[in-house]
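Accompanying notes for the structure given below.
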Amino acid sequence: MVDRVDWEADELVLTPVNVASTLFFETPSQIFARVHREMRPRTPVPEIEVLFKPFANADSRIRLEHDQLTVEIADILQSAPAPFMEALAQILLGKLYRKPIAAQYNQRYRLFLNRREIRNKIDLVRQVRGRKVHRGPRGIFHNLEEVFDELNRAHFNGLMARPALGWSHVISRTRLGHYDPSHHTIMISRVFDDLRVPRLALEYVMFHEMLHLYYPTQHKGTRRCVHTPEFKAHEKRFPQFEEAKTLLKKL
């Protein structure tokens with residue numbers, strides 16, 4: 001049984017909760033053992049092994065096999081303070097045992113990862129360890145570089161520097177496009193490289209991802225604002241905005 005926590009998961013609302021203070025001299029394994037006892041007081045604590053792995057992101061995962069609890073945490077979090085490790089233990093064990101997670105732990109977890117120095121470290125690790133695999137900008141029917149350049153001239157006075165562009169390997173109808181700031185890459189789903197799909201839909205998705213370059217993500221406390229009010233207002237200036245949105249719904 002494996003559960004995973006991704007630091008970019010949706011934010012939860014903070015609610016007051018009484019929790020015991022973390023013992024700052026505890027090792028990560030001891031923290032997980034204590035949280036396990038608190039969460040399942042009538043269940044024997046399994047043997048716990050905490051490993052720090054060279055992940056390409058600040059991810060963590062947990063699995064329970066044959067009374068052995070294995071926790072794998074990104075090595076960039078190895079020096080994280082004890083309160084953060086306690087919050088991570090609450091989140092991972094809560095997911096594993098399907099227990100409700102007090103919002104205070106989600107708040108503590110996100111506050112630490114949204115620190116500027118931690119975000120910078122995560123971005124650097126993504127660049128060094130991560131890979132952005134795509135099919136390149138030339139599709140069967142459309143060239144993403146041509147689409148980008150046309151939109152750049154029409155909406156940004158040709159001043160936007162072109163990032164790496166690529167078609168996805170998978171024909172996805174759920175993730176139509178995304179901008180990866182760590183690799184400065186716009187990825188577009190291959191569902192649009194089809195003459196049956198109106199070019200307007202492709203242009204709108206590309207325009208949306210270009211706005212992510214124009215309006216970077218804002219961080220305030222635990223909040224990550226990807227689509228700022230300025231972003232949304234600019235997006236609505238796209239010609240045939242409503243028609244394009246309707247086309248995407250039909251996909």
Exercise answer: donor-acceptor pairs, residues 242-251 side-chain atoms, under 3.5 Å, sequence neighbours excluded:
{"unit_1": "E243", "atom_1": "OE1", "unit_2": "Q240", "atom_2": "NE2", "d": "2.8"}
{"unit_1": "T246", "atom_1": "OG1", "unit_2": "E242", "atom_2": "O", "d": "3.0"}

Only distances under 3.5 Å count here; give the side-chain donor-acceptor pairs of residues 203-211 to other protein atoms, sequence neighbours excluded, each with its distance to 0.1 Å.
{"unit_1": "E203", "atom_1": "OE2", "unit_2": "R199", "atom_2": "NE", "d": "2.9"}
{"unit_1": "Y204", "atom_1": "OH", "unit_2": "E235", "atom_2": "OE2", "d": "2.6"}
{"unit_1": "H208", "atom_1": "ND1", "unit_2": "E235", "atom_2": "OE2", "d": "2.6"}
{"unit_1": "H208", "atom_1": "NE2", "unit_2": "H212", "atom_2": "NE2", "d": "3.4"}
{"unit_1": "H208", "atom_1": "NE2", "unit_2": "H227", "atom_2": "NE2", "d": "3.3"}
{"unit_1": "E209", "atom_1": "OE1", "unit_2": "Y179", "atom_2": "N", "d": "3.1"}

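Taking N143 as the reference, nothing meets the side chain to side chain donor-acceptor pair (under 3.5 Å) condition, with sequence neighbours excluded. Qualifying ring pair (Phe, Tyr, Trp, His ring centres under 6.0 Å) partners for F55, counting only residues two or more places apart in sequence or in other chains: none. Annotation: side-chain contact (heavy atoms from CB on, under 4.5 Å) contacts of R173 (sequence neighbours excluded): I171, V191.
Contact between H184 and L213 at its shortest, heavy atoms only, is CE1-CD2, 3.7 Å. Closest approach of A89 and I31 over heavy atoms only: CB-CG2, 4.2 Å. Taking each heavy atom of H36 and P44 in turn, the nearest pair found is CE1-O, 3.9 Å. Nearest heavy atoms, R175 versus S189: O-CB, 3.6 Å. Counting all heavy atoms, side chain and backbone alike, F148 lies closest to A161 at CZ-O, 3.9 Å.
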- request: Report the C-alpha distance between N57 and V125 in whole Å, list the side-chain angles of each, state the deciding distance to 0.1 Å, and finish with yes or no for side-chain contact (heavy atoms from CB on, under 4.5 Å).
  value: CA-CA 7 Å; N57 206 335; V125 166; over 6 Å; no
message: Test side-chain contact (heavy atoms from CB on, under 4.5 Å) on L113 and L77; report intermediate values, then the result.
response: CA-CA 9 Å; L113 290 179; L77 302 176; 3.8 Å; yes
- request: Might you work through the side-chain contact (heavy atoms from CB on, under 4.5 Å) test for M85 and I73, ending with a clear yes or no?
  value: CA-CA 10 Å; M85 200 60 64; I73 304 172; 3.8 Å; yes
- prompt: Could you walk me through whether E38 and Q90 pass the side-chain contact (heavy atoms from CB on, under 4.5 Å) check?
  reply: CA-CA 10 Å; E38 295 170 358; Q90 290 281 350; 3.6 Å; yes
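Taken from CZ in F32 to CE in M39, the straight-line distance is 10.0 Å, to the nearest 0.5 Å.
When atom types are taken as modelled, the side chain of R190 and the backbone of S168 share a donor-acceptor pair closer than 3.5 angstrom. Using a distance-only test at 3.5 Å, with no hydrogens or angles considered, a donor-acceptor pair links the side chain of W167 to the main chain of P137.
Clustering ILVMFWY residues whenever any of their side-chain heavy atoms sit less than 4.5 angstrom apart, transitively, puts L195 in a cluster other than the one holding V197.
Among residues at least two apart or in separate chains, there is no salt bridge (Lys or Arg N to Asp or Glu O under 4.0 Å) pair with a member in residues 46-56.
Between the side chains of H234 and Y214, not a single donor N or O lies within less than 3.5 Å of an accepting N or O.
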